[in-house]
Amino acid sequence: MKGPFIKDILKMNPDNKEISVCGWIRTKRDSKSFSFIELNDGSCMSNLQIIIDSSVKGYNEFINKLTTGSSVKIDGKLVKSPAKEQNVELHAENVTLYGEADPEKYVLQKKRHTFEYLRTIAHLRPRTNTFSAIARVRSAMSFYIHRFFQEKGFVYVHTPIITSSDCEGAGAMFQVTTLPLENIPKTNGKINFEEDFFGKKSSLTVSGQLEGETYACALGNIYTFGPTFRAEHSNTTRHLAEFWMIEPEMTFCDINGNMDAAEEFLKYIFKNLLENCREDMDFFNTRIDNTIIANLESIINEEFVRLKYTEAIKELEKSKVAFEFPVKWGIDLQSEHEKYLTEQVFKKPVILTDYPKEIKAFYMKLNEDDKTVRAMDVLVPRLGEIIGGSEREDNEQKLVKRIKQMNLNPEDYWWYLELRRYGSVPHSGFGLGFERLIQFVTGMQNIRDVIPFPRAFKSIDF
RNA sequence: UCCUCUGUAGCUCAGUCGGUAGAGCGGGUGGCUGUUAACCACUAGGUCGGCGGUUCGAGUCCGUCCGGAGGAGCCA
């Protein structure tokens, strides 16, 4: 597709310039002697208004075929529009119809559709305002994420999608196998994985963190940004079986440096989003959730609160709110607790640290009190946890002890432990789910609507 | 996996006490207007998710299966 694109045309000086524009017709309004067309090419939310006078060659043949959804090329003159709704419009001189869209059958007519229905036509939904805006915001956010890390000298590491470790413990895994399922080779009743493709039981990754740490412990600062798979039978507005995750890992960096990085990171990408995707963000703010822009602006401008878990528990115990889940030191915080802290107590993002070791992963660095670990969760108003991270345990003996405590086998982690044996360094990192981030900035309620082709439990229609 | 709700026209929904179905939007036709959520008139669309049962009679009641949504758990 060649330009100029409608995004740029709308900013051009309307000086009778001859241009050509391609796109899909969103709607048409006929008069006796001319027609108005709203043309969209995906470059932006706005349409370009086209006027086709009935004197244009072939008018009577093509005009009834220029229906919603049909694709055209229009050559014409860009002029100033006399009406208020737009600055410029295109006076067509030549019309080329590429593809018709039978209005009796094409379901995306100009009318509202529920997101639920649009999920059943995932191949057509990017042609709607909402889903094209989501696609642009997703793309832009990916770019800002890369740019943030690249500007800071982080190395982008491609961690494997297929892994042999069934030991990551972050969730149910999808097994990868070429064994014949109708006749699985077994020895003494147990599956013989030596005959499988990799010679070992293999799965799709649930996290690139452990592999990421190996590269961080050589290159300094790294990040991953790739697909992640969880085979959990979750059926919620916040879970996917296939989603994208960002996981930076920083060496010579403690929990405080980790918090600094997470805060700077969020502020950077949100600021870029508001500055560069204003039209799409205004749309979300108007049509989806009218708090998102104010919310993002306050996150950009406010300093995040930093609070230890123990302090947060005290704060919650002090409150008069009747929580569904009672508060007590040692519990994992429920989303009602997180929301209370971010929305009622502080009214801004809160970074909670130093959680009880029992409710956190084995690789998090143990504090001197032997009870808490250097975990950090970044909580934001409305969503709750947006980032989870920690300083990693860098002492081999302590790490082995924690692995055993969690009933895991240290032998499975031999290479991960060697990072602590040879040139171990304090290091930290965090992870964030990309789709939840997109949900947060767009206000979209269902995670299946912020990824082009959602994969979820019992759901893979496209 | 559990709990709740839901399935009627292309889409969004209404349908009373069980008596063979309606609206809005969208589509078609005609009219009108520098229109822009266009407007006005007319018009065509339905195996009421599938199967079984109760009944003289089921969109409506019962059973079951399938699909969808929301919540819980788990998590990102």
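First the proteins, then the strands, lettered A, B, ... as listed; each starts at 1.
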> Measure distances between side-chain N and O atoms of A:E89 and base N and O atoms of B:rG34, and say whether any donor-acceptor pair falls under 3.5 Å.
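For A:E89, whose side chain was compared with the base of B:rG34, there is a donor-acceptor pair (under 3.5 Å).
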> For B:rG50 and B:rU33, measure between their C1' atoms and round to the nearest Å.
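Going atom to atom, C1' in each nucleotide, I get 50 Å.
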> Between A:Y223 and A:Y156 (judged by ring centroids, cut-off 6.0 Å), do the two rings come close enough to count as a pair?
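Yes; A:Y156 has its ring centre under 6.0 Å from that of A:Y223.
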> When the P atoms of B:rU47 and B:rG53 are considered, how many whole Å apart are they?
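It works out to 22 Å between them.
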> Watson-Crick or G-U wobble partner for B:rC39, using a 3.5 Å limit on both distances?
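Pair assignment: B:rC39 / B:rG31.
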> So does A:Q49 reach the base of B:rU35 with its side chain, donor to acceptor, closer than 3.5 Å?
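For A:Q49, whose side chain was compared with the base of B:rU35, there is a donor-acceptor pair (under 3.5 Å).
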> Check whether any side-chain nitrogen or oxygen of A:N446 sits under 4.0 Å from OP1 or OP2 of B:rG70, and answer yes or no.
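Yes, because at least one side-chain N or O of A:N446 sits under 4.0 Å from OP1 or OP2 of B:rG70.
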> Please confirm whether any donor atom in the side chain of A:H239 sits under 3.5 Å from an acceptor in the base of B:rC74, or the reverse.
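Indeed, a donor on one side and an acceptor on the other fall under 3.5 Å apart.
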> What's A:Q109 touching, base or sugar-phosphate or nothing? Going by heavy atoms closer than 4.0 Å.
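Since only primed, P, OP1 and OP2 atoms lie under 4.0 Å of A:Q109, the category is sugar-phosphate.
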> Of the nucleotides B:rU35, B:rA69, B:rG34, which one has an atom closest to the side chain of A:R29?
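Ranking B:rU35, B:rA69, B:rG34 by closest atom to the A:R29 side chain puts B:rU35 first.
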> Between the side-chain atoms of A:S234 and the base atoms of B:rC75, is any donor-acceptor pair under 3.5 Å?
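Looking at the base of B:rC75, it does not pair with any donor or acceptor on the side chain of A:S234 (distance under 3.5 Å).
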> May I ask which nucleotide in the shown strands pairs with B:rA72, Watson-Crick or G-U wobble, both distances under 3.5 Å?
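Answer to the pairing question: B:rU1, which forms a Watson-Crick or G-U pair with B:rA72.
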> Identify the nucleotide, in any strand shown, that forms a Watson-Crick or G-U wobble pair with B:rG52, with both distances under 3.5 Å; if there is none, say none.
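Across any shown strand, B:rG52 pairs with B:rC62.
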> At under 4.0 Å, does any side-chain N or O of A:R238 touch on OP1 or OP2 of B:rA72?
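Checking A:R238 against B:rA72: at least one side-chain N or O falls below 4.0 Å of OP1 or OP2.
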> Can you tell which of B:rC11, B:rG34, B:rG71 lies closest to the side chain of A:T237?
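Nearest listed nucleotide: B:rG71.
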> For the side chain of A:R448, counting heavy atoms from C-beta on, which of B:rU12, B:rA69, B:rG28 is nearest?
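Looking only at side-chain atoms, A:R448 lies closest to B:rA69.
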> I'd like the C1' distance from B:rG27 over to B:rG45, given in whole Å.
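Nearest-Å result for B:rG45 against B:rG27 at atom C1': 9 Å.
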> Hey, which sits more toward the 5' end of RNA chain B by its nearest nucleotide, A:A83 or A:I447?
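Comparing both residues, the 5'-ward one is A:A83.
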> With no angle test and no hydrogens, is the base of B:rU33 tied to the side chain of A:S31 by a donor-acceptor pair under 3.5 Å?
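Such a pair exists between side chain and base.
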> Using the C1' atoms only, state how far B:rG49 lies from B:rG68, rounded to an integer number of Å.
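Straight-line distance between the two C1' atoms is 11 Å.
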> When you measure from the side chain of A:K111, which nucleotide among B:rG73, B:rG10, B:rU12 comes out closest?
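It is B:rG10.
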> Counting any heavy atom closer than 4.0 Å, what does A:H233 reach on the DNA or RNA strands: base, sugar-phosphate only, or nothing?
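Here A:H233 touches the bases of the nucleic acid.
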> Does A:R26 have a side-chain nitrogen or oxygen under 4.0 Å from the phosphate oxygens OP1 or OP2 of B:rU36?
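Indeed not, no polar side-chain atom of A:R26 lies that close.
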> Take A:T114 and A:H91, find for each the nucleotide of RNA chain B with the closest heavy atom, and name the residue whose nucleotide sits nearer the 5' end.
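It is A:T114 whose nearest nucleotide is closer to the 5' end.
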> With both distances under 3.5 Å as the test, what is the Watson-Crick or G-U wobble partner of B:rU20?
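B:rU20 is paired with nothing.
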> With the side chain of A:E38 defined as its heavy atoms from C-beta on, choose the nearest nucleotide among B:rU36, B:rG28, B:rG34.
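Out of B:rU36, B:rG28, B:rG34, the nucleotide with an atom closest to A:E38's side chain is B:rU36.
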> On a whole-Å scale, what distance lies between the P atoms belonging to B:rG59 and B:rG18?
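Here B:rG59 and B:rG18 have their P atoms 13 Å from each other.
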> Picking from B:rC32, B:rU1, B:rG34, which would you name as closest to the side chain of A:F457?
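Of the options given, the side chain of A:F457 lies nearest B:rU1.
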> Tell me the partner of B:rG45, counting only Watson-Crick (N1-N3 plus N6-O4 or O6-N4) or G-U wobble (N1-O2 and O6-N3) with both under 3.5 Å; none if nothing fits.
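For B:rG45, the partner nucleotide comes out as none, under the 3.5 Å rule.
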> At less than 3.5 Å, do the side-chain atoms of A:Q86 and the base atoms of B:rU35 form a donor-acceptor pair?
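Counting by modelled atom types and ignoring angles, a donor-acceptor contact under 3.5 Å is found here.
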> Once you apply a heavy-atom cut-off of 4.0 Å, does A:F325 come out as touching a base, just sugar-phosphate, or nothing?
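If one applies the 4.0 Å heavy-atom cut-off, A:F325 turns out to touch the sugar-phosphate alone, with no base involved.
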> Taking the six-membered ring for Trp, are A:H123 and A:F462 closer than 6.0 Å centroid to centroid?
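Yes: the rings meet the under 6.0 Å criterion.
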> Between A:E435 and A:R238, is the closest basic N to carboxylate O distance under 4.0 Å?
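Salt bridge between A:R238 and A:E435, a charged N being under 4.0 Å from a carboxylate O: no.
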> If you take the centroid of each ring, where Trp contributes its six-membered ring, are A:F149 and A:F225 closer together than 6.0 Å?
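No; A:F149 has its ring centre 6.0 Å or more from that of A:F225.
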> Between the side chains of A:N47 and A:N40, is a donor N or O closer than 3.5 angstrom to an acceptor N or O?
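Yes - a donor-acceptor pair under 3.5 Å links their side chains.
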> Applying side-chain hydrogen bond (donor to acceptor under 3.5 Å, both in side chains) between A:K77 and each of A:E89, A:H91, A:E93, report the one that passes.
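Exactly one candidate clears the test, A:E93.
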> How far does the C1' atom of B:rA69 sit from the matching atom of B:rU12, given to the nearest Å?
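B:rA69 and B:rU12 have their C1' atoms separated by 15 Å.
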> Which part of the nucleic acid does A:L240 contact within heavy-atom distance under 4.0 Å: base, sugar-phosphate only, or nothing?
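If one applies the 4.0 Å heavy-atom cut-off, A:L240 turns out to touch a base.
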> So, is B:rG45 syn or anti if syn means the angle is within 90° of 0?
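Nucleotide B:rG45 adopts syn.
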> Closest to the A:F36 side chain: B:rG34, B:rG28, B:rC25?
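Per side-chain heavy atoms of A:F36, the pick is B:rG34.
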> Expressed in whole Å, how much space separates the P atoms belonging to B:rU35 and B:rC40?
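One P to the other, the span is 15 Å.
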> Which part of the nucleic acid does A:K32 contact within heavy-atom distance under 4.0 Å: base, sugar-phosphate only, or nothing?
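Counting heavy atoms under 4.0 Å across all strands, the contact made by A:K32 includes a base.
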> If the cut-off is 4.0 Å, is A:Q445 near the phosphate of B:rA69, judged by side-chain N/O to OP1 or OP2?
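Answer no for this pair, as no side-chain N or O of A:Q445 is under 4.0 Å from OP1 or OP2.
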> Is the NZ atom of A:K404 crowded by more than 12 outside heavy atoms at less than 6.0 Å?
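No, not enclosed.
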> For B:rU60 and B:rU16, measure between their C1' atoms and round to the nearest Å.
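Their C1' atoms lie roughly 10 Å apart.
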> Going by atom types alone, do A:E391 and A:H427 pair a side-chain donor with an acceptor below 3.5 Å?
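Looking only at side-chain atoms, A:H427 and A:E391 do not form any donor-acceptor pair under 3.5 Å.
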